[in-house]
Asker: 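Input: one structure, supplied below.
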Amino acid sequence: MNAPFSPSTLEQLRQDLAQTPRQLFINGRFEAAASGKLIDVVDPATGQNFAQVAAGEAEDIDCAVRAARAAFDGPAWSGTHPSARARLMLKLADLIEAHGERIALTETLDNGMPFMMAKFAAVMGAAEQLRYNAGWATKLAGETLNPSSPGEWHAYTLREPVGVVGAIVPWNFPFVMAVSKIAPALAAGCTVVLKPAEQTPLSAVILAELIAEAGFPEGVINIVTGYGETAGAALVDHPLVDKISFTGSTSVGKKIVCAATGNLKRVTLELGGKSPVMIFGDADVERAIPAAAMGIFGNAGQVCAAGSRLFVHESVYDRVVEGISARAASLRLGSGLLPTTEMGPLVSDEQRRRVLGYINSGADEGANVQVGGQAADGDGYFVQPTVLTGTASGMKVVEEEIFGPVLCAMRFGDDDLEAIAAQANASQYGLAASIWTRDISTAHKMARRVRAGTVRINGGGGVDPAMPLGGFKQSGWGRENGKAGVENFTELKSVTVAL
Ligand code: NAI
Ligand code: MG
């Protein structure tokens, strides 16, 4: 099979990355970190360091925030008409597509995901985020209202941009996550300081180049690569930041909530999950099996909404578990650059150790490793796709987010929807849920009973810019995407005129 990209683009990219460290993007200029410090970037498929980026710290964050503040407070951005903001966003979407191969290759080298997934998730996903949100720039508006207070009134609301946004993103889908935060913020008229994950900073630097090329005014979008404990924490702490939009772990999400109390900045959080997949006895199991396998092994399970708890009716349990296990055993692991690869490595050695630690703890608590369970051979951070059976609530592998290719399978016997929902809802998380049944009433009843921000019935839908995404319970605060997502970057103002 031929590579789905041009080998010369890859060669050129490798040479560029090996030569000079990538820089911070502050106030429209590329510059080194004030400290001169660098982060080594590792290819998780080989364990080799192949690039370096600037390790921004508090001083760099301060410069970036001040640039974003000046851009927000000055006329160059706030005076820009919504349609002009939309045009810039559409231009950036086109540039992302035009540079799609380089972006996707960077994402594969940096994160490990298969190239085709990078093209689909990073490039197409990001372009669509910008196009969808560009539409909101011209449509966000207040309402006219009818107060009942004595008198005659003209009353209305205004939707105004919240201000300077600090966006902090993780390493599992680096490029599309970065763009998903920037796009609604720009549509609302905000300015942004983005802090990419230290494990996967490289595609954000390409984003910075394309932002400069698209012609956004200086300071509207600033990108500071660096570690979470230094750059990330400084951004959350900064008094001139009006809102933090964070995606990552629940533990860091809680730290952010505490740190944001200084100036009571707004906080939205898209955190972890332990999402249930419920397969009823009447389900189309031939469709449910590959979908459930993809739902936990896609991107090596490093997906916030991964379907990591499987509940199957006993009448089809054996067939489903055997089907998913067969799929797990046959998945081809390898470098995301190989066209035959179906699952790449985990992002880091740390993440591999974490995931193997969970698998061992499951075995210690009495789970059976049906398939997988080991690190794969070689230098990269590969873990075999794993199915654990004999799992039950209370076990660590069932309670905690593993963020790897590990499925916990459980069975249910009765047809009492309340009991099944109670099992599915027995989690500190509430991000997503999948339901497989041919009974339309069961499907919608379960959709109502499950406590999760996203419900998928019979395979419905991935992440779509039009569909709100976010968590109940400890899966987060607020929603991203859709109208709710862009409104989270605004303040609502009531105006009353006595006539
Ligand atoms: P993390 O939550 O530490 O990292 C996410 C982002 O937050 C990164 O950009 C990081 O630099 C930043 N960050 C870290 N500490 C910070 C702080 N004190 N202040 C401000 N920013 C900070 O996630 P990590 O450690 O990479 O992964 C650990 C676990 O988190 C994973 O195993 C997984 O369970 C979960 N996770 C969930 C994600 C999701 O999409 N819901 C994404 C990534 C991780
Ligand atoms: Mg961390």
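Only heavy atoms go into these numbers, but all of them, side chains included; no hydrogens, no water, no symmetry mates. In listed order, ligands and their atoms are each counted from 1.
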Asker: What do you reckon, are the aromatic ring centroids of Phe311 and Trp436 less than 6.0 Å apart?
Answerer: no
Asker: I need the full list of ring-ring contact (aromatic ring centres under 6.0 Å, His included) pairs touching residues 26-63, with sequence neighbours left out, sorted by first then second residue.
Answerer: Phe25-Phe30
Asker: In this structure, are over 12 heavy atoms from other groups packed under 6.0 Å from Met395 atom CE?
Answerer: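 Above 12, so yes.
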Asker: For ligand 1, list every N/O pair with the protein closer than 3.5 Å, one pair per line with the distance.
Answerer:
residue	atom	partner	partner atom	Å
ligand 1	2 (O)	Ser249	N	2.8
ligand 1	2 (O)	Ser249	OG	2.6
ligand 1	9 (O)	Val169	O	2.8
ligand 1	9 (O)	Lys195	NZ	3.1
ligand 1	11 (O)	Lys195	NZ	2.7
ligand 1	11 (O)	Glu198	OE1	2.5
ligand 1	11 (O)	Gly228	N	3.2
ligand 1	26 (O)	Trp171	NE1	2.6
ligand 1	32 (O)	Gln351	NE2	2.7
ligand 1	32 (O)	Arg354	NE	3.1
ligand 1	32 (O)	Arg354	NH2	3.4
ligand 1	34 (O)	Glu401	OE1	2.7
ligand 1	41 (N)	Gly248	O	3.4
ligand 1	41 (N)	Leu271	O	2.9

Asker: Heavy-atom count check: over 12 atoms from other residues, nucleotides or ligands less than 6.0 Å from Glu97 CD?
Answerer: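 Yes, the 6.0 Å shell around CD holds more than 12 heavy atoms from other groups.
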Asker: Will you find, in the side chains of Asp43 and Gln48, an N or O donor that is under 3.5 Å from an N or O acceptor?
Answerer: no
Asker: If you count heavy atoms of other groups shown closer than 6.0 angstrom to NZ of Lys37, is the number above 12?
Answerer: no
